[in-house]
Amino acid sequence: MNNEVSILENINNPSDIKNLSETELENLCSEIRKTLVDTVASTGGHLASNLGTVELTVALHKSFNSPDDKIVWDVGHQAYAHKLLTGRYPSFSTLRTEGGVSGFVRPDESEHDSFYEGHAGVSVSQAAGIAAANAVKGSKNYAVAVIGDGSFGNGMVYEALNHAGSTKTRLIVILNDNEMSISENVGAMARYLAAVRAKPEYYRFKAGTEKTLRRIPLVGKSLSNHIFKLKTTLKNIIYSSSFFEDLGFKYIGPIDGHNISSLCEAMNSAKMVSVPVVIHINTVKGRGYDFAETAPEKFHGISKFDINTGEPLSSGDSFSVHFGKTLGEFASKDRRICAITAAMALGTGLEEFSKNYSERFYDVGIAEEHAVTFASGLSAGGMIPVFAVYSTFLQRCSDQLIHDGALQRKKMVIAVDRAGFVGEDGETHQGLFDVSLTQSLPNTTVYSPSTYNELSKAMYNAFYKDENLVVIRYPRGSMPDVGDFNNTSGADYEVIGNADADIAIVTYGRLYFNAVKAIHMLYEKGLNVKIIKIHKIKPMPQGVSEEASKCKSIFFFEEGMRSGGTGEALAARLLENGYQGKFSLTAVEDEFVSHASVPKLMEKYSLSAEKMSQKILNEVMR
């Protein structure tokens, strides 16, 4: 292995690449790609996006001086090469494991990481803020935002561009275009002019010419302005877009994003301009690994896989798959049902739906806020919209859920995927806030099914029984097998085990399966414990508190935030009704949850079967 990474293993910080030759830099890129494929195959992670930004990352660290110059990675899922060049190569094999290297950028891991990142569309705002702070302090350092074309579907990007373009700051936005083209550039002339504009010599000549023209008595300033307008018109004809320059940015590109020399020239040119700059580069997702190049969406975020075949090593069965299949079955019988995704059709199980019902499928891009409000419009038009979204990205829609969802009293369904712990993706992706968010919404029904059958029943209720906004939340991964205990009724709530037991575990979602194992463990210790499993967590069925109040001890376990969660709602109801027994609530306290496997997180936060039974034994046997 050492011979295969002879350059990379000697890179301890970005300054170590400054004096490498062009050939050495190309070899370094090859070593980085091999390391990425080898590592992600064994740990899982984001592969295609990282393979596409290798040369870009090398050029960034050759052209800028991190951490004095701040590089802000939008989402952060494409920064693996950045990690390798900033001292994390020796520990990179621990990627996405507990206590190991994070799959996203995070400042507590390295001084070269500017922010905790995990969501799209934030980098331009953040970098603009850094650049503004630098300007106030008189600093000559740069702020560089690296953002993909997919993130340009997020409205916050345009808010940032609109503001930043009016400033005189050292802000550079690198638009990594790996799928769609924002500016249509056709032909040899466009490519030639793009290359010329990327060279520092162009800006030196341009500045000198303008200065000379303006010195000509009487006509100099007018002539300079006329030439500028003529040049801009010609450029707009060739490039078919003046979007960025209309906003106040200088535009360089498009640049071959896999040519380090061209990238460095463009970056050095951008540093010579006294206003914010956009560098538009073209890259190929999955570059250097055939399977990822052919199917970049499949290798966007992938579990462990076989390097030789590109096939994942885990089962394809999951709540997401079952949701997509069931939605298709309903849609085949009801033409009002339509599906919405925010650029996550594959991840949310909607790929088949998009093919079979293309006229009722809407991919709005990375624009979750728009998706909710768009759904409101579809509902007003007589449709039954279903917006499938990861729990972590639903956070972005708070205002829309309130104003355009619950307030409007229109039939809308939000399918919340990846609810609860998601594991290795860490703080920015844990689905721990959706319950607290939706608990406070009037005119809203929330389901948290434990089984595939319950998921189907929740969908039926959402379509044909419930009114207004309906939220259905379910976890990442597949349904565990606990034998006959899988055969739940799908009722709003139900009691599992001996109904006369005076100790109760109350829970919902996939924690039900841990609770089943826990009551078996407790039975062996001589304790008779029942489970009150809640399917509809809002509004909570009246029978839940009535059933729980019969018990001397109630233990509520919740895979979410304690504050504002379902456990607190039940505790308040019991208190109001004069409950005199013992109530214990175990949930995630006031903290963000770091990356680790789901089983390890269950253990850490006392939500595993073993921890449940241990907690109950300790409390009851006092």
Side-chain angles (χ1 to χ4, degrees), residues 7-22 24-26 28-29 32 53-74 76 78-90 105-117 123-147 164 167-176 198-201 203-204 249-250 252 255 257 259-279 281:
I7 301 177
L8 182 57
E9 68 178 2
N10 291 311
I11 304 297
N12 298 310
N13 59 70
S15 63
D16 291 335
I17 73 169
K18 299 289 188 184
N19 296 318
L20 294 181
S21 68
E22 189 169 328
E24 287 173 322
L25 291 174
E26 290 174 356
L28 173 61
C29 290
I32 290 173
T53 56
V54 173
E55 287 84 5
L56 168 61
T57 306
V58 170
L60 278 167
H61 283 300
K62 186 171 176 61
S63 302
F64 295 95
N65 297 310
S66 178
D68 294 329
D69 294 324
K70 301 297 184 185
I71 301 172
V72 183
W73 298 90
D74 205 78
Q78 77 284 51
Y80 290 3
H82 164 77
K83 289 174 181 277
L84 291 171
L85 297 179
T86 52
R88 285 167 274 187
Y89 168 70
V105 288
R106 44 186 296 169
D108 65 349
E109 189 175 281
S110 172
E111 64 178 345
H112 298 281
D113 293 359
S114 300
F115 296 93
Y116 291 92
E117 301 286 19
S123 62
V124 181
S125 296
Q126 292 169 331
I130 293 173
N134 285 343
V136 172
K137 295 184 297 183
S139 169
K140 300 301 183 183
N141 294 124
Y142 294 90
V144 184
V146 183
I147 181 168
T167 66
K168 302 291 184 182
T169 58
R170 292 175 175 244
L171 170 65
I172 298 172
V173 177
I174 297 179
L175 170 55
N176 177 26
K199 293 181 180 295
E201 291 83 357
Y203 286 94
R204 294 193 189 99
F249 283 77
K250 288 297 183 183
I252 299 175
I255 306 298
N259 186 311
I260 296 175
S261 177
S262 296
L263 287 167
C264 289
E265 282 188 338
M267 292 173 191
N268 290 330
S269 294
K271 290 194 288 187
M272 299 177 63
V273 179
S274 59
V275 297
V277 180
V278 168
I279 302 176
I281 72 171

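Between Trp73 and Ser123 the shortest side-chain heavy-atom distance does not fall below 4.5 Å. Within the 4.5 Å cutoff, no side-chain heavy atoms of Ser114 are placed close to those of Val105. For the pair Pro276 and Thr167, the minimum side-chain heavy-atom distance is below 4.5 Å. Inter-residue side-chain proximity for Gln126 and Ile130 is flagged as unmet; no heavy-atom pair is nearer than 4.5 Å. Side-chain contact check for Lys18 versus Asn65: some heavy-atom pair is nearer than 4.5 Å. Using a 4.5 Å heavy-atom cutoff, the side chains of Val277 and Tyr142 are not in contact. Residues Val58 and Leu263 fail the side-chain proximity criterion, which asks for heavy atoms closer than 4.5 Å. Tyr89 places none of its side-chain heavy atoms less than 4.5 Å from the side chain of Ile11.
Between Ile7 and Glu24 the shortest heavy-atom distance is CD1-O, 3.4 Å. The minimum heavy-atom distance between Ala81 and Val54, with the atom names listed, is CB-CA, 4.5 Å. What you find for Ile252 and Ala266 is that their closest heavy atoms are CD1-O, 3.9 Å. Contact record, Glu55 with Gly257: CB-O, 3.6 Å, taken as the closest heavy-atom pair. Nearest approach of Phe249 to Ala164, heavy atoms of both residues: CZ-CB, 3.9 Å.
Remark: Lys271 does not engage Asp69 in a salt bridge, criterion side-chain N to carboxylate O under 4.0 Å.
Side-chain contact check for Asp113 and His82: at least one donor-acceptor pair (N or O, by modelled atom type) lies under 3.5 Å.
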Starting from the C-alpha separation in whole Å, work towards a yes-or-no answer on side chain to side chain contact (heavy atoms under 4.5 Å, CB included) for His61 and Ser66.
CA-CA 7 Å; His61 283 300; Ser66 178; 3.9 Å; yes

With side chain to side chain contact (heavy atoms under 4.5 Å, CB included) as the criterion, how do Lys140 and Asp68 come out once you've worked through the C-alpha distance, each side chain's angles and the decisive distance to 0.1 Å?
CA-CA 10 Å; Lys140 300 301 183 183; Asp68 294 329; over 6 Å; no

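Panel note: side chain Lys250, backbone Ile279; no donor-acceptor pair is recorded below 3.5 Å. Although no hydrogens or angles enter the test, the distance criterion places a donor-acceptor pair under 3.5 Å between the side chain of Thr53 and the main chain of Gln78. A side-chain donor-acceptor contact under 3.5 Å links Thr86 to the backbone of Lys83.
Atoms CD1 and CG, on Ile281 and Asn176 in that order, are 4.5 Å from each other to the nearest 0.5 Å. The distance from atom CD1 of Ile32 to atom OH of Tyr80, rounded to the nearest 0.5 Å, is 14.5 Å. Between the CD1 atom of Ile255 and the OG atom of Ser269 there is a distance of 8.5 Å, given to the nearest 0.5 Å. Atom NZ of Lys62 and atom OG of Ser15 lie 11.5 Å apart (nearest 0.5 Å). In this structure, CG in Asn141 is found 8.5 Å from NZ in Lys70, a value given to the nearest 0.5 Å. Between Ser261 atom OG and Leu25 atom CG the span is 10.0 Å, to the nearest 0.5 Å.
Under the side-chain contact (heavy atoms from CB on, under 4.5 Å) test applied with Leu85, the options Asn12, Leu60, Asp16, Leu28 reduce to a single match, Leu28.
Around CG of Asp108, the count of heavy atoms belonging to other residues, nucleotides or ligands within 6.0 Å exceeds 12.
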